[in-house]
**Q** 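Dropping a structure here in structure tokens format, bear with me for questions.
Letters A, B, ... are given to chains in the order of the sequence lines, protein chains preceding strands, and every chain is numbered from 1.
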2 protein chains.
Amino acid sequence: MKRRPTIIDVAKKAGVSKTTVSRVITGDGANVREETIQRVQTAIDELGYTHNAVASSLRTDRTNLIMLSIPDITNPFWPAVARGVQDRMEREGYAVVFANSDWDAQREKMFLEMARRNRFDAILINPVRVNNDELKAAHIHTVLIGSHEGFPDFDIVGSNSYGATQLALAHLYDLGHRRIGLIRGERQSRPGHSRLQSYEDFLREKGLVLDSSLIVRVPFDEMGGRQAMEQLLSLAEPPTAVLAANDILAIGALQAAHQAGLTVPDQLSIMGIDDIFAASATTPPLTTIAKPQYEIGRQAAEFLLDRLGEQATAVPRRHLFNCTLQQRGSTGPPP
Amino acid sequence: MKRRPTIIDVAKKAGVSKTTVSRVITGDGANVREETIQRVQTAIDELGYTHNAVASSLRTDRTNLIMLSIPDITNPFWPAVARGVQDRMEREGYAVVFANSDWDAQREKMFLEMARRNRFDAILINPVRVNNDELKAAHIHTVLIGSHEGFPDFDIVGSNSYGATQLALAHLYDLGHRRIGLIRGERQSRPGHSRLQSYEDFLREKGLVLDSSLIVRVPFDEMGGRQAMEQLLSLAEPPTAVLAANDILAIGALQAAHQAGLTVPDQLSIMGIDDIFAASATTPPLTTIAKPQYEIGRQAAEFLLDRLGEQATAVPRRHLFNCTLQQRGSTGPPP
DNA sequence: TTGTAAGCGTTATCAT
DNA sequence: ATGATAACGCTTACAA
């Protein structure tokens, strides 16, 4: 019989009521004599008592648990965002755990269900397949990160994907490129769309022809980037520059270009979007569009804290960070 | 007043007792008439009832939550392991969440504390700083992944780091290399040690001189790998081959070699350990020592399930997978 | 400043 | 096959 000690055991040992013990534990020490606090504290130590957060949650209806749901934990973009989230939330006493759906819609749903049943206080999510109504039906505080189309009912923090794409294309255009390839990710449907839209708008505005063979859609990983590049290079008339929807894809594309014996940027320019850490570490270092990852995370946490506090019913807000050109070595004039 | 419906509400609506509702919910339908199940089910649907896992956990002392605690979520090695863990644990009804400590000892501790207070059923951990006694004091089912020194009280799943290093060095030695550099990670103290030990033993056995300037210790990321390589190349007499403690470091080293204008493997051989996905995607593709990542995860889950079941008190076991040489394009004879 | 007692929403025990 | 009732360990009015 080695039951875990409870506040009752502590109370007995300290010769007080469990109410007092509870007061000490919750840091509600305002109304407890200093000496009593000490007595309780030593009782806690001697018994090796651990606060049972489950019981506490049942009573308070708060768990202080936040879920960060993302599709691809291997993309360094997310850990960078997570740091911003964690630094802010942990300061307020929340713990942030990751749920990695691995681009699997069913797993995403499962995690959502889990967060709801276990009464997580909130979730931050970059959605794979889940939509506005499903999130609403979950009845859990939610802030979206990244995606910003089709979610009218939620706070959203992200970056201006449309603007980022314009920025990238303008850079390549200014260098003299007129035949620009686009590598899109297969999964992340929403921002992908806004990038495609931006691409088409840009070409139209500049009076360039829209050649659909220059647009390739591949899985959202390095391998996808390689495949896409190979496909583009096999074209009768390959592009002189390629914009990838994120840095991971761009790095894959860069590798494929190397393997094909091309010199970057002399024979081919390649750009990414995100400015993940690895972008500065490729050869040549990758020109990309920088997104303020840490800041995105911090702002998302800020929105969440509002929801968890007074502003629970405020109208949905959105904060889209502007992106900036990070010019490095992978872009130059066309050959 | 929009309280969440409870089983009591469901019971009322269905005209049964809450006990019966509970029976239906827990799938303990054995002793409930089919027709009753239906009535309860429709009541649940109509009310939009959600099971309160917190209340359930308080009663049953089980949460069905597992924590996977790792130091560096950006290393693709871990997501691969996680897949093995998840596939197995989810089948048994457990949900697995990630805790990313970012190499931060304090954060690791915080997550551990969280798992304990919230009565997570178990944790799988690749420890950063936490030691055997601290884990034991947490009184929570624990299986270690990766590290296997100094944890006598726990089940451990990992790979034979010592053997992996021997395998790698033998490969380089057989190719003719006699001056072999070693890039170690700064943080992960334990396996790093066994690699160093293995390195020293190998040199001794082969009668090679141990030149400490050939051993470099750097942060466990691509940037670290680059720095290490630069340092090794700046030596008066640089190595003809370099073994990195993992693929991330090796990839960084490869990039630095490229940047220095060296051709791999003609002028310099580079090897990694792990065989993460990206290893096959570099130029040239990386020769490395393959660890069965998914299998490691699966075996860890297997151990855990034993602990959660009958075998709770079994003597600590360890399963070290053997590693295999994955010969690709980054190694060749010395110039 | 401290204590009493009533929940929080389940599940487990024991009847029926 | 179903129900009444007592926990589970904590927080929080309300009382003293």
**Q** I want to verify a distance call: between dT1(C), dG9(D), dT11(C), whose nearest atom is closest to the N52(A) side chain?
**A** dG9(D)
**Q** Given dC8(D), dT2(D), dT10(C), identify the nucleotide with an atom nearest to the side chain of L58(B).
**A**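 Minimum distance to the L58(B) side chain belongs to dC8(D).
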**Q** Can you tell which of dT10(C), dA12(C), dT11(D) lies closest to the side chain of H51(A)?
**A** dT11(D)
**Q** Between D9(B) (CG) and dT10(C) (C1'), how many Å, whole number?
**A** 13 Å
**Q** Please report the distance, rounded to the nearest Å, between CZ in R62(A) and P in dT12(D).
**A** 10 Å
**Q** Rounded to whole Å, how long is the line connecting atom CD1 of I7(A) with atom C1' of dC8(D)?
**A** 12 Å
**Q** Ion pair present between K13(A) and D45(A), side-chain N to carboxylate O less than 4.0 angstrom?
**A** no
**Q** As a test of reading the structure: which of dT5(D), dT10(C), dT11(D) is closest to the side chain of A55(B), going by heavy atoms?
**A** dT10(C)
**Q** With a 4.0 Å cutoff (strictly under), does any side-chain N or O of T60(A) reach OP1 or OP2 of dT11(D)?
**A**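 For T60(A), the contact criterion (side-chain N or O under 4.0 Å from OP1 or OP2 of dT11(D)) is not met.
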**Q** Nearest-nucleotide wise, let me know which of T36(B) and P5(A) is further upstream toward the 5' end of DNA chain D.
**A**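 Result of the comparison: T36(B).
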**Q** Write down the distance between CZ (R23(B)) and P (dA12(C)), rounded to a whole number of angstrom.
**A**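 It works out to 11 Å between those atoms.
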**Q** How many whole angstroms separate atom NZ of K18(A) from atom P of dA13(D)?
**A**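 To the nearest whole Å, that distance equals 15 Å.
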**Q** Is R129(A) paired with E108(A) through a side-chain N to carboxylate O contact shorter than 4.0 Å?
**A** no
**Q** Would you please classify the geometry between the F321(A) ring and the H319(A) ring as parallel, tilted or perpendicular, with 30° and 60° separating the classes?
**A**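 Tilted.
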**Q** Tell me yes or no: between the side chains of Q299(A) and E295(A), is some donor less than 3.5 Å from an acceptor?
**A** no
**Q** Quick test of your reading of the model: are R4(B) and D9(B) salt-bridged, counting only N-O distances below 4.0 Å?
**A** no
**Q** Taking atom C1' of dT12(D) as reference, at what distance in whole Å does atom CD1 of I25(A) sit?
**A**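 To the nearest whole Å, that distance equals 14 Å.
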**Q** Measure from CG on N64(A) to P on dC10(D) and round the result to the nearest Å.
**A** 16 Å
**Q** For dT2(D), does either OP1 or OP2 sit under 4.0 Å from a side-chain N or O belonging to T19(B)?
**A**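 Checking dT2(D) against T19(B), no side-chain N or O comes under 4.0 Å of OP1 or OP2.
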**Q** Taking only the side-chain heavy atoms of S17(A) (C-beta and beyond), determine which of dT11(D), dT4(C), dT5(D) contains the nearest atom.
**A** dT4(C)
**Q** Do R4(B) and dG9(C) have a side chain to base donor-acceptor pair shorter than 3.5 Å?
**A** no
**Q** How long is the line joining CD of E34(A) and P of dT1(C), in whole Å?
**A** 11 Å
**Q** For dT2(C) and R33(A) - does any side-chain N or O of the residue sit under 4.0 Å from the phosphate oxygens OP1/OP2?
**A** yes
**Q** Would you classify V54(A) as touching base, sugar-phosphate or nothing, given that sugar-phosphate means primed atoms plus P, OP1 and OP2, and contacts are heavy atoms under 4.0 Å?
**A**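 Here V54(A) touches no strand at all.
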**Q** Would you mind telling me which residue lines up with the more 5' stretch of DNA chain D, R59(A) or G15(B), judged by nearest nucleotide?
**A** G15(B)
